[in-house]
Amino acid sequence: MTFTDRSGAPLGTILSSSSGDAVSVPIENVSAQFVNAIVATEDARFLSHGAVDLPSALRAAWQTARCLCNAGGASTIDMQVARMHFRLGSGIRGKLEQIWDAARIDAGSGKRDVLNAYVNRIPMGGDLYGVEAAARTYFGIPASDLDLAQASLLAGIPNDPAGLDPRTHWAAARARQRIVLDRMVAAGTITRAQRLIASRETVHLRERDDRLWGAQQLLFKLAGGNRAGGRVRTTIDAQLQRFVQAQAVDVVQALSAHTVTQASALVIDNRTGDVLAYLGSLDYFDDAYLGRNDGVNSLRQPGSSLKPFLYEYALERGTLRPDSILADVPSSYAIPDGEMYSPEDYDRRFSGPVTVRTALANSLNVPAVRVLSRVGVPAFLDRLHQLGFAHLQRVPSYYGLGLTLGAGEVTLWDLAQAYVTLARGGSAIPLRTVFGDSPAMPRQIGNPDDWRFITNILSDRYARAQAFGIGSVLDMPFDAAVKTGTSSGYRDTWTVGYTPEFTVAVWVGNFSGAPMQHIAGVSGAGPLWNRIMLHLYEHREPPRFTRPPQSMLERVPAGPLPHTSPVYDEWRLQQEQTTGPLRVLFPHDGDVFEDTLTPTDPHRGEQQIALRVSRPRGAIVRWLLNGSLLGTSAADAYYWTVRPGAFTLTASAKGVSSTVRFTVIARRHGIKRGFSVTAADSKTN
């Protein structure tokens with residue numbers, strides 16, 4: 001099955017063991033060296049026996065009885081063809097079925113036909129089947145042009161397709177090649193001199209085509225979807241696909257010191273639902289980092305990335321108003337097992353009364369849990385199902401109030417689809433990867449004005465400055481809404497954002513589930529999201545978002561928000577007391593950021609990180625960076641202009657000090673557009 005991108009440019013061909021998908025060539029178009037090699041290796045008496053090689057079968061049975069093990073060695077090429085054609089099993093029953101079906105094949109076909117079927121179906125490493133596919137993939141030549149060294153290398157692979165794949169197990173493949181050459185000498189098809197020359201010949205493998213390393217998972221998924229064979233035109237933009245993959249590799253390499261190994265991404269046209277780029281992993285063939293996994297469809301905890309859907313639903317139900325004031329204060333909730341659940345914000349501080357805009361833009365956990373407790377977990381779970389989160393199938397009590405903080409598991413595909421709905425004002429359409437699929441009618445979910453209000457918050461760079469600073473990777477020089485997420489234990493980082501035209505969804509982490517070292521959504525997935533979004537609008541400006549009605553824009557009184565309710569009593573008490581020993585709250589020890597501006601960029605100096613501390617009430621804080629005084633402040637934060645390097649930050653007050661170390665990485669490839677950003681404050685779930 002051959003695939004092209006949306007413009008007709010070739011993406012690749014997926015080959016399988018089925019006759020419908022395999023590339024088949026006549027036996028006369030296969031090198032005689034390969035035919036001799038595979039017969040000598042797999043069934044030396046192929047031309048002289050019937051379906052079963054009786055002497056070999058008796059010998060194998062005797063050896064099996066002696067060692068009480070499966071000695072093997074009795075399968076003929078006829079039997080292997082029967083097994084592959086009829087998908088027969090192993091064991092005694094499977095062998096008997098192979099013998100029976102091999103006899104039927106042998107009775108109706110000549111040896112040449114059997115051999116023809118065999119060389120076109122044998123597994124040849126990875127997802128390759130047949131000698132023609134192997135010859136073109138490994139050497140870039142047709143099977144008819146294989147020389148003795150190449151033919152003998154390929155003839156060894158079917159013995160153990162995974163363990164003898166020459167791309168991943170070169171030494172083992174070469175050792176098996178020597179065995180093949182020895183058997184060809186024993187069969188009389190080559191001389192000892194030819195064996196010596198072939199064993200010493202340098203065999204060059206063809207460079208892998210890098211166009212599809214990250215999109216292989218999509219092509220295999222489509223090939224397995226029972227589509228008709230032939231040519232399939234996908235919605236993928238090949239140039240964008242290559243860009244996304246190259247940038248993903250660069251970002252992950254920059255974060256490798258923090259145990260980051262993989263990334264996945266989707267780019268979607270919001271108007272049609274077309275998937276323009278599909279990055280399942282950095283490199284499908286990289287077994288060391290489980291590259292064959294598909295990060296687009298892997299189940300992962302979404303962190304805070306579900307919060308926008310909760311707030312929209314609460315607005316729709318009337319549980320919230322745009323100008324509602326939420327309490328970000330110590331809170332406890334009874335849960336079914338009799339325990340108490342006490343959510344905390346990422347920095348383990350509380351802000352007291354906050355607006356809906358402040359709570360969502362800064363991804364505050366405590367207000368989100370408070371909203372979910374009012375909406376109800378069952379109702380919110382039903383809404384998530386409406387939005388396409390098909391894998392959240394547990395009962396509501398399983399997720400509890402942690403549902404809005406990422407207690408469930410979702411896929412990047414489902415998350416991207418839900419954000420497309422958000423970008424479209426609640427008009428839901430399915431995503432598609434192939435032209436010709438019948439488009440579904442849009443389905444309206446909720447009130448468009450409520451969705452527009454959420455978009456207005458997510459695109460408000462000033463509203464999120466408390467958590468992310470000014471000029472973070474989330475800030476675009478045009479209208480763009482964005483949300484990050486980090487799962488518990490720093491195992492998954494997410495950044496999903498959109499313009500009116502495109503949605504970009506990114507996951508960064510490890511397929512093994514290993515935690516990263518203090519990498520949160522904005523500093524892990526954020527830089528890749530930033531690069532893709534800037535690339536999409538490198539030569540033009542996107543349209544602006546439709547603003548929500550004036551009546552929905554909140555009107556909050558100037559000055560401190562009211563906090564006279566008893567719910568604020570504990571928080572007020574904390575504010576009036578000292579907070580104990582001085583402690584740096586942000587950055588965290590070991591955090592990493594990315595500086596994406598060049599030294600000559602006119603916007604250099606606009607990127608800042610909010611350095612934050614807890615401190616005794618009224619204390620003056622001295623800020624030192626690498627031993628040099630930055631300044632003093634009577635506030636909990638100091639805004640520092642980013643520059644690349646390794647830094648030691650020390651905050652001191654009243655004879656107490658606190659120290660953390662963090663790193664700012666300089667981006668290796670400059671952004672062509674005039675304005676870019678740092679990977680600033682990673683303070684979000």
Side-chain angles (χ1 to χ4, degrees), residues 255 257-259 328-330 342 344-352 362-366 464-472 486 489-490 515-524 570-595 605-666 678-685:
L255 298 173
H258 298 265
T259 59
D328 183 20
V329 297
S342 301
E344 291 182 327
D345 290 329
Y346 187 77
D347 61 1
R348 298 184 179 178
R349 302 179 69 197
F350 300 95
S351 300
N362 295 282
S363 199
L364 301 179
N365 290 340
V366 175
R464 60 174 171 259
Q466 172 184 323
F468 298 97
I470 301 298
S472 78
T486 309
Y490 297 99
M516 295 164 284
Q517 295 180 11
H518 298 287
I519 297 295
V522 69
S523 51
E570 183 179 350
W571 172 75
R572 283 201 307 270
L573 182 62
Q574 289 183 355
Q575 296 297 104
E576 294 167 359
Q577 296 175 343
T578 64
T579 59
L582 185 85
R583 182 168 65 93
V584 175
L585 299 175
F586 188 84
H588 309 96
D589 197 42
D591 269 357
V592 61
F593 306 92
E594 183 183 37
D595 178 11
E606 296 180 10
Q607 306 175 101
Q608 294 180 321
I609 291 178
L611 311 176
R612 298 184 183 278
V613 294
S614 61
R615 63 190 174 93
R617 184 174 178 82
I620 303 297
V621 179
R622 284 170 50 86
W623 302 88
L624 292 93
L625 196 66
N626 289 349
S628 298
L629 181 66
L630 284 177
T632 60
S633 70
D636 296 342
Y638 183 94
Y639 285 87
W640 172 69
T641 301
V642 172
R643 67 177 188 272
F647 299 100
T648 300
L649 172 68
T650 300
S652 62
K654 293 187 176 182
V656 178
S657 65
S658 176
T659 298
V660 297
R661 292 170 177 80
F662 65 96
T663 304
V664 178
I665 299 172
T678 69
D681 192 336
S682 64
K683 176 183 176 294
T684 181
N685 281 0

Side-chain donor-acceptor contacts of residues 647-656 below 3.5 Å, not counting sequence neighbours, with atom names and distances?
residue, atom, partner, partner atom, Å
T650, OG1, T659, OG1, 3.0

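Contacts classified as ring-ring contact (aromatic ring centres under 6.0 Å, His included) and involving residues 617-638 (residues at least two apart or in different chains) are given here: W623-Y638.
Between R643 and V664, every side-chain heavy-atom pair lies at or beyond the 4.5 Å cut-off. At a threshold of 4.5 Å between non-hydrogen side-chain atoms, the residues D589 and F662 do not count as touching. Within the 4.5 Å cutoff, the side chain of L364 has heavy atoms near those of the N362 side chain.
Interatomic distance, CZ of R464 versus OG of S472, reported as 5.5 Å (0.5 Å rounding). L624 CG to S657 OG: the interatomic distance, rounded to the nearest 0.5 Å, is 9.5 Å.
With hydrogens and angles ignored, the 3.5 Å screen pairs a side-chain donor or acceptor of N365 with a backbone N or O of E344.
For the pair S351 and Q466, the tightest heavy-atom approach, listed with the atom from each and the gap, is OG-NE2, 3.6 Å. Among all heavy-atom pairs drawn from M516 and T259, the shortest one is CA-OG1, 3.4 Å.
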query = For V329 and V366, what are the C-alpha separation, side-chain angles and deciding distance, and is it a side chain to side chain contact (heavy atoms under 4.5 Å, CB included)?
reply = CA-CA 7 Å; V329 297; V366 175; 5.6 Å; no

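L611 pairs in a side-chain contact (heavy atoms from CB on, under 4.5 Å) with only one of the listed residues (L630, V584, V621, V660), which is L630.
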